[in-house]
Amino acid sequence: MQEQISTSPSRGLHIITWGCQMNVYDSARMADVLRPLGYSPVDLPDNADMIILNTCHIRERAAEKVFSELGRLRQIREARKLEGKETLIAVAGCVAQAEGKELLARAPYVDLVLGPQTYHRLPEMVARIARAGGSVIDTDFPVESKFDLLPEEAAPQNEGNLTAFLTIQEGCDKFCSFCVVPYTRGAETSRPVASILAEAERLVASGVKEITLLGQNVNAFHGDWNGGTASLPELAALLHEKIPALKRLRYITSHPRDMEQALIDAHRSNPIFMPYLHLPVQSGSDKVLKAMNRGHTADEYREIIRRLREARPDIALTSDFIVGHPGETDEDFEATMQLVRDIRFASAYSFKYSQRPGTPAAGQPFQVAENVKEKRLAALQALLREQQDAFNASLVGTVQDVLVTGHGRKPGQLNGRSPYLQPVHFEGSPSLIGEIVKVRITAPFTNSLGGHLHEQESTAI
Ligand code: SAM
Ligand code: SF4
């Protein structure tokens with residue numbers, strides 16, 4: 001995924017974002033931090049006085065992608081120099097955190113290198129460069145929390161400012177064998193509840209109806225509250241109670257180990273929780289799950305799903321899978337296929353295992369051959385695609401609550417979001433934008449649904 005933040009200029013800022021929703025959130029917050037210095041987002045790097053690459057290190061060739069983009073940005077900087085304009089180039093995010101020093105050695109023209117925990121210090125870094133020139137690298141895990149020091153902006157929002165992300169938890173202490181997150185994002189920390197409530201209130205006051213709470217292990221959340229701590233279901237209850245205009249709540253990404261009964265029960269009792277959960281399982285083989293250090297078995301995962309479906313029978317499930325973890329045999333892969341057949345997912349992400357330097361799995365013997373990984377991934381994706389198609393088809397004829405987020409591509413068409421996070425297209429008046437309306441689903445597409453307004457149908461009868 002690559003996203004670009006943009007509007008119109010004063011001192012131009014262009015941010016290119018790779019990776020997860022948390023990076024999208026971080027990019028918006030970097031824009032907030034730089035706004036008091038006169039920076040506003042611009043569409044093209046050619047018009048930018050500062051360009052930030054916000055990078056992702058989760059899978060292969062991350063650093064190579066960054067270097068190739070930096071080559072392009074260097075040319076832009078040279079062209080701007082001929083016009084007498086300066087351009088600051090910054091690399092942020094997880095590649096910066098993991099490979100900051102190497103990055104500066106290979107691309108000395110980069111002005112700023114900063115990790116995910118230090119972007120609140122951006123103004124200070126920019127000032128240091130203005131004073132002394134040279135490059136600045138800051139990939140500390142600072143004692144101060146960036147959340148205490150960020151300006152009070154409500155960010156980021158999308159889909160006509162009706163939906164928004166809100167980071168509540170960061171970092172990870174789980175150390176899965178394959179994953180760089182504990183090394184790039186640091187130890188697990190939760191944001192205090194009061195600061196989350198304040199940001200959610202600002203978002204909702206600006207028109208947001210649906211919030212997605214973000215965290216690398218969002219369901220391990222335990223934020224300070226009232227002299228103790230609040231868990232994720234307690235935070236969700238507070239959001240529901242204190243912000244009545246907040247209509248919908250989601251959270252991503254959860255770990256099966258932290259899927260406690262209180263959270264499962266909240267899917268039954270808290271009406272703002274959407275019937276949708278992304279719960280990565282990675283593999284269906286107990287042997288591979290153990291080698292991955294996931295801390296649960298395939299049957300324990302099945303049991304969590306059984307309890308979730310008991311609490312909320314219409315819940316749609318999505319997941320992440322890795323094929324070809326070191327030591328994975330045909331039999332292990334078949335166990336993954338069986339788990340997928342047993343559970344039936346509404347959609348899922350699946351990846352070939354990628355060796356990440358410095359992680360335990362990278363040094364293990366019995367790496368799986370590339371062609372075997374490819375074959376397994378194709379088989380898994382075909383099965384997951386079948387299940388996604390079946391799930392979308394199962395909604396035909398049902399009436400769904402759709403949050404109307406904006407105009408569709410065709411004249412007279414509106415776009416919305418189903419409870420299951422699918423885009424829905426239907427005809428209706430633009431005055432419905434921002435409302436939650438009933439839509440009868442008539443057509444399943446691969447990644448979206450078509451329908452028509454239920455009210456219209458009732459008046460026609
Ligand atoms: N915290 C989440 C969890 O525990 O499942 C996952 C966060 S990770 C940023 C997102 C996904 O990237 C993982 O669920 C995993 O499927 C995938 N991933 C992470 N490291 C990987 C690797 N080395 N190779 C392939 N996929 C990887
Ligand atoms: Fe990475 Fe998620 Fe495992 Fe943490 S729990 S190490 S973020 S895959």
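For reference, positions follow the sequence shown, starting with 1.
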Will you find, in the side chains of [X] and [Y], an N or O donor that is under 3.5 Å from an N or O acceptor?
X	Y	answer
H325	S177	yes
Q388	N447	yes
S431	S429	yes

Taking the basic N atoms (NZ, or NE/NH1/NH2) and the acidic carboxylate oxygens, is any pair closer than 4.0 Å for [X] and [Y]?
X	Y	answer
K242	E201	no
R29	D26	no
E303	R307	yes
R341	E334	yes
K287	D332	yes

Just how far is it from atom CG of L235 to atom OG1 of T229, taken to the nearest 0.5 Å?
11.5 Å
Any chance you could measure T359, atom OG1, to Y183, atom OH, to the nearest 0.5 Å?
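It is 6.5 Å, given to the nearest 0.5 Å.
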Can you find a pair of side-chain heavy atoms, one from E170 and one from Q216, that are under 4.5 Å apart?
yes
Geometric class of the [Y]/[X] ring pair [parallel <30°, tilted 30-60°, perpendicular >60°]:
X	Y	value
F445	H425	tilted
H278	Y349	perpendicular
H255	H296	perpendicular

Is a side-chain donor or acceptor of [X] paired with a backbone partner of [Y] at a separation under 3.5 angstrom?
X	Y	answer
S448	V424	no
E210	K247	no
Y301	L279	yes
D389	T446	no
R312	R268	no
D173	P182	no
T17	V24	no
K209	G434	yes
T297	E300	yes

Aromatic ring proximity F345/F321, centre distance under 6.0 Å:
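Close enough - the centres of the two rings lie under 6.0 Å apart.
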Aromatic contact between Y251 and F221, with the criterion being ring centroids under 6.0 Å apart: yes or no?
no
For residues R250 and S418, report the shortest heavy-atom separation together with the two atoms involved.
NH2-O, 3.2 Å
